[in-house]
Protein chains: 2
Amino acid sequence: MAQSNPPFMSGVPELLLLRLLDQSDMYGYELVRSIRAATGEAISLGEGVIYPVLHSLERNGSLKSKRKAVSGRTRVYYSLTGKGRQRLGKLQDDWRRIQGGIANALEVPSHA
Amino acid sequence: MAQSNPPFMSGVPELLLLRLLDQSDMYGYELVRSIRAATGEAISLGEGVIYPVLHSLERNGSLKSKRKAVSGRTRVYYSLTGKGRQRLGKLQDDWRRIQGGIANALEVPSHA
DNA sequence: ACACTATACCTAGCAGTTCAAGGTATTCGA
DNA sequence: TCGAATACCTTGAACTGCTAGGTATAGTGT
């Protein structure tokens, strides 16, 4: 059946979104800039990445949304659910694991 | 014509390969196990990942290979070239950058 | 009044990367 | 002698994330 596991290093956009939403509710457009800021400009994810992730997280119950009209414009604020907080924990663990693994490999003294 | 940049978090298999080969010459099958070991079992890349990367690195001049017969079996040993060492440096910098960015985002005190 | 930028939402389609699953051949241990 | 381990390899597909669009409203400068 050729059932493929997700690539070993994926889900980072999801992790960052959940992490920021754990600190405060935010809307999509805001998250785009917040991710850039929170990572010290190291990571810049476009709207084409953010919105689809937001939608799939809401579909699976990790987020819930609330539309809010602000001076004529509509914003969709997202907040974490219990399931989302759980998901965040798992992704954080996964990340630390692979991050630590790579750190190990890199820390070994160089041959030169 | 829809020219896409590589995903912001790719090239880790390549990084690990180059890093290990910087320590000592190795052959493909050996690298598969070395990566598992060096990362403390955190990352496990199959032969289907390793061999293609090895070949493309050789094609672009980052590695050179040397066939060696060992008790009837043929092993292909790879070693870093100058270009490969340069490539390793760049990938290491890239990695530290994005790794640091994510660390920043995660280190901010949690809302809970 | 008009244009231009920023805000704010969204989707389709593709490109690049990694993965699973095979295939070949030799050697070694039970 | 039969299976597991060694050692090489490729194909095809899955998955993620990127580019490039699209809509609409509000603010700013001229």
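All of these numbers come straight from a predicted model, not from anything done at the bench. So that the names make sense, note that chain A is the first sequence line, chain B the second, and so on, each numbered from 1. Computed over heavy atoms, backbone and side chain alike; hydrogens, waters and symmetry mates excluded.
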Between N or O atoms, less than 3.5 Å apart, protein on one side and nucleotides 11-13 of chain C on the other: list the pairs.
| from | atom 1 | to | atom 2 | distance (Å) |
| --- | --- | --- | --- | --- |
| dT11(C) | OP2 | His55(A) | ND1 | 3.2 |

Without decimals, in angstroms, what is the distance between [X] [atom1] and [N] [atom2]?
X: Glu58(B); N: dC9(D); atom1: CD; atom2: P; value: 9 Å
X: Leu17(B); N: dT18(C); atom1: CG; atom2: P; value: 10 Å
X: Tyr77(B); N: dT6(D); atom1: OH; atom2: C1'; value: 12 Å
X: Leu16(B); N: dT18(C); atom1: CG; atom2: P; value: 10 Å
X: Ile50(B); N: dT17(C); atom1: CD1; atom2: P; value: 15 Å

Quick one, [X] and [Y] - any side-chain contact, counting heavy atoms below 4.5 Å?
X: Phe8(B); Y: Val12(A); value: yes
X: Leu21(A); Y: Leu88(A); value: no
X: Leu54(B); Y: Val76(B); value: no

*For Arg87(A), salt bridge (Lys or Arg N to Asp or Glu O under 4.0 Å) partners two or more places apart*: Glu14(A)
*Kindly write out the residues that satisfy salt bridge (Lys or Arg N to Asp or Glu O under 4.0 Å) with Asp25(B), not counting sequence neighbours, or none if the list is empty.*
none
*Between Met9(A) and Leu54(A), who's closer to the 5' end of DNA chain C by nearest nucleotide?*
Leu54(A)
_Contact residues, residues 65-75 of chain A to DNA chain D [heavy atom, < 4.0 Å]_ = Ser71(A), Gly72(A), Arg73(A)
_Taking side chain to side chain donor-acceptor pair (under 3.5 Å) as the cut-off, I'd like each qualifying pair that reaches into residues 40-53 of chain B, sequence neighbours left out, listed once._
Arg36(B)-Ser44(B)
*How would you list, by chain and number, every residue that makes a side-chain contact (heavy atoms from CB on, under 4.5 Å) with Ala103(A), sequence neighbours excluded?*
Gln99(A), Glu107(A)
*When you check the phosphate oxygens OP1 and OP2 of dT18(C), does a side-chain N or O of Asn5(A) lie under 4.0 Å from one of them?*
no
*Applying side-chain hydrogen bond (donor to acceptor under 3.5 Å, both in side chains), name anything that partners Lys90(A), two or more places apart in sequence or on another chain.*
Asp94(A)
*Contact class for Val53(A) (heavy atom, under 4.0 Å): base, sugar-phosphate, or nothing?*
nothing
_For Tyr27(A), ring pair (Phe, Tyr, Trp, His ring centres under 6.0 Å) partners two or more places apart_ = Tyr77(A)
_Show, in sequence, the C-alpha distance, side-chain angles and deciding distance for Leu17(A) and Ile35(A), and conclude whether the side chain to side chain contact (heavy atoms under 4.5 Å, CB included) test is met._
CA-CA 8 Å; Leu17(A) 281 188; Ile35(A) 286 181; 3.9 Å; yes
_DNA chain C contacts made by residues 25-41 of chain A, counting heavy atoms under 4.0 Å_ = Tyr27(A), Gly28(A), Tyr29(A), Arg33(A)
Exercise answer: donor-acceptor pairs, residues 61-70 of chain B side-chain atoms, under 3.5 Å, sequence neighbours excluded:
| from | atom 1 | to | atom 2 | distance (Å) |
| --- | --- | --- | --- | --- |
| Ser62(B) | OG | Asn60(B) | OD1 | 2.9 |
| Lys64(B) | NZ | Ser79(B) | OG | 3.3 |
| Ser65(B) | OG | Glu58(B) | OE2 | 2.6 |

